[in-house]
Protein chains: 2
Amino acid sequence: MRTGDIAQRLGVTPASVSGMLKHLSREGLVNYREYGGALLTADGERAALGVVRRHRVLERFLTDVLQFGWEQVDALAHQMEHALPEVVVDAIERLLGDPATCPHGHPIPDKEGRVAAEPRLTIGGLAAGDRACVREVDEFDPALLDFLQQRGLVPGAVLRVSQVNPIDGTVVVEVVDAGATALAPATAKAVRVSREVAE
Amino acid sequence: MRTGDIAQRLGVTPASVSGMLKHLSREGLVNYREYGGALLTADGERAALGVVRRHRVLERFLTDVLQFGWEQVDALAHQMEHALPEVVVDAIERLLGDPATCPHGHPIPDKEGRVAAEPRLTIGGLAAGDRACVREVDEFDPALLDFLQQRGLVPGAVLRVSQVNPIDGTVVVEVVDAGATALAPATAKAVRVSREVAE
DNA sequence: CGTAAATGTTAGGGTCGGCTAAATTGATCC
DNA sequence: GGATCAATTTAGCCGACCCTAACATTTACG
Ligand SMILES: [Mn+2]
Ligand SMILES: [Mn+2]
Ligand SMILES: [Mn+2]
Ligand SMILES: [Mn+2]
């Protein structure tokens with residue numbers, strides 16, 4: 001991870017990131033050398049997965065119990081994730097029956113920091129005629145999520161690629177029970193799939 | 001409200017309270033004169049009732065949905081109440097069916113800042129032979145709450161005062177379906193009641 | 001009353017994250 | 001191999017809140 005990337009993702013200046021990285025480095029959460037980028041240590045990885053768990057459990061809670069739309073819950077969970085007592089997150093997780101994934105399909109780490117692997121194949125990586133099952137979607141753009149839901153491109157959906165345009169990379173997918181949709185490469189990259197059809 | 005009282009309740013030095021009162025005064029939330037104490041303005045009252053609403057809704061959620069004991073939820077709600085997005089509190093409130101009170105019996109303000117009146121009569125204010133109905137209990141001491149629950153002194157319970165000791169003020173109450181309990185005046189003051197029996 | 005004690009405020013400082021601007025480093029391209 | 005440029009770090013600052021210590025006011029009581 002480079003300083004500038006972190007700064008951009010956090011909406012903060014690179015100067016602030018430098019300071020914080022030095023801080024985290026002193027606490028042993030990050031390996032960091034000046035001008036050399038940063039990497040989480042084992043401890044840092046554990047701490048980060050703890051936050052990821054809280055975030056994804058909360059997303060599930062917000063959709064399943066409080067009926068929020070999946071396009072809103074990333075931002076809401078983000079506001080809540082640092083203030084909730086651990087016991088409350090645990091209780092919510094139990095209430096939900098220890099869900100395996102967040103509403104966008106990303107796996108929820110367990111309390112020991114174990115996480116299921118995530119598929120790396122995207123719709124953009126499929127060829128014409130391929131069949132696949134939607135596993136996860138990128139969750140940072142509410143408008144994209146709204147669109148994907150309308151077209152049935154949600155985790156668990158089964159699809160077939162009917163065309164791949166060799167010039168610009170546009171793909172057309174037919175989603176079972178939801179019709180056909182054309183996707184530009186950038187959009188096709190936001191949906192990760194597996195080749196096997198869901199159990 | 002005096003500076004020192006606020007400081008004590010917040011676990012902060014009086015110096016910090018002076019600074020903050022000056023700040024809140026500038027924002028129009030509080031009427032404050034040096035050495036003269038502070039009082040909420042109408043705006044301040046509104047803001048405060050908003051926080052009270054969040055707090056009490058969360059307490060209800062923690063007991064009713066997440067199954068926490070009523071002796072734990074004040075502290076937990078306190079940690080959560082400032083970080084939860086308003087829409088989430090609203091959704092929780094709807095989920096619970098717009099409850100009228102927190103688990104300790106205190107009324108939940110509505111979104112416009114209207115609150116039901118709270119009874120001022122306590123068990124300590126009853127005479128031998130009086131009948132009453134428990135309405136609310138003080139919620140700051142988990143050990144006290146544990147005790148009250150064991151003895152059936154929870155909102156809605158019906159009781160009769162069987163003795164009042166004229167020397168030290170000890171009262172003995174008989175709780176319907178839960179036996180007799182002796183209470184020192186300080187404890188008796190923690191339970192507020194109404195003379196009418198609950199509907 | 002008048003003074004001592006209690007209460008409250010001010011002064012001065014610290015930490016935590018953030019910022020801007022200036023300096024530094026490393027990468028790139030003649 | 002050096003000049004240039006982008007990325008990064010450092011320096012210095014700020015605002016929110018908290019603190020302690022010193023000072024001011026109010027209160028309570030002999
Ligand atoms: Mn998310
Ligand atoms: Mn998610
Ligand atoms: Mn409470
Ligand atoms: Mn309560």
Side-chain angles (χ1 to χ4, degrees), chain A residues 1-41 43-55 58 74-86 89 140, chain B residues 1-41 43-52 54-55 58 74-86 89 140 186:
Chain A
M1 281 263 91
R2 285 170 17 202
T3 302
D5 300 344
I6 299 172
Q8 192 166 6
R9 211 170 296 189
L10 265 48
V12 130
T13 61
S16 304
V17 175
S18 281
M20 190 50 61
L21 284 178
K22 213 167 11 166
H23 192 68
L24 293 173
S25 183
R26 254 183 269 117
E27 299 194 0
L29 297 176
V30 122
N31 282 326
Y32 167 63
R33 261 194 12 263
E34 289 153 19
Y35 298 98
L39 215 62
L40 288 173
T41 62
D43 271 12
E45 184 85 21
R46 221 186 327 281
L49 283 171
V51 177
V52 169
R53 172 176 159 268
R54 301 159 76 76
H55 181 88
L58 287 173
D74 180 68
L76 289 173
H78 191 63
Q79 290 178 64
M80 304 167 62
E81 71 198 7
H82 292 290
L84 287 187
E86 192 73 17
V89 176
F140 302 108
Chain B
M1 281 262 92
R2 284 168 20 199
T3 301
D5 300 344
I6 298 171
Q8 191 165 7
R9 212 171 295 189
L10 265 48
V12 127
T13 61
S16 305
V17 175
S18 280
M20 190 49 61
L21 284 178
K22 215 170 4 169
H23 192 69
L24 293 174
S25 183
R26 253 182 271 117
E27 300 195 357
L29 297 177
V30 121
N31 282 324
Y32 167 63
R33 261 196 9 263
E34 289 154 19
Y35 299 98
L39 215 61
L40 289 173
T41 62
D43 272 11
E45 185 86 21
R46 219 183 331 280
L49 283 172
V51 178
V52 169
R54 301 159 77 77
H55 180 87
L58 287 172
D74 180 67
L76 289 173
H78 192 63
Q79 290 177 65
M80 304 167 62
E81 69 198 8
H82 292 290
L84 287 186
E86 192 73 16
V89 175
F140 303 107

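Every heavy atom of this structure was used, including side-chain atoms; hydrogens, water molecules and symmetry mates were not. So you know, we letter chains A, B, ... as the sequences are listed, proteins then strands, and number each from 1. Because the structure is predicted, anything quoted here is derived from the model rather than measured.
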Nucleotide nearest B:M20 when distance is taken to its side chain, options D:dC18, C:dA11, C:dG18: D:dC18
Could you check A:E34 against A:P14 and say which one's nearest nucleotide on DNA chain C is further toward the 5' end? A:P14
d(CG, A:L21; P, C:dG17) in whole Å: 13 Å
Picking from C:dG18, C:dG8, C:dT10, which would you name as closest to the side chain of B:R2? C:dG8
Could you tell me how far apart B:L10 (CG) and D:dC19 (C1') are, to the nearest whole angstrom? 15 Å
Starting the side chain at C-beta, find the nucleotide from D:dT8, D:dC18, C:dA21 nearest to B:V12. D:dC18
Just how far, in rounded Å, is P of C:dT10 from OH of B:Y32? 6 Å
Main-chain N/O of A:L29 paired to A:T41 side chain as donor or acceptor, under 3.5 Å: yes
Separation of atom NE2 in B:H23 from atom P in D:dG15, rounded to whole Å: 12 Å
Shortest non-hydrogen contact between A:A38 and A:L21, atoms and distance: CB-CD2, 3.8 Å
Nearest-angstrom distance from the residue atom CZ of B:R26 to P of D:dA16: 9 Å
Electrostatic pair B:K22:B:E34 at N-O distance under 4.0 angstrom: no
Per A:T13 side chain, nearest of listed nucleotides C:dT20, C:dG17, C:dT10: C:dT20
Residue B:S18, side-chain atoms from C-beta onward, closest of C:dG8, C:dA11, C:dC19: C:dG8
With side chains defined as the heavy atoms from C-beta onward, is the minimum distance between A:L40 and A:M1 less than 4.5 Å? no
If you only use heavy atoms from C-beta on, which nucleotide in D:dT9, D:dT25, C:dG18 is closest to the side chain of B:Y35? D:dT25
Interatomic distance where CZ belongs to A:R33 and P belongs to D:dT10 [whole Å]: 13 Å
Determine whether B:H82 and B:V51 make a side-chain contact, defined as any pair of heavy atoms from C-beta on separated by less than 4.5 Å. yes
I need the CD-P distance between B:Q8 and C:dT7, as an integer number of Å. 10 Å
Spacing between B:H82 atom NE2 and D:dC17 atom C1', to the nearest angstrom: 14 Å
Out of C:dG17, D:dC19, D:dT9, which nucleotide sits closest to the side chain of B:S16? D:dC19
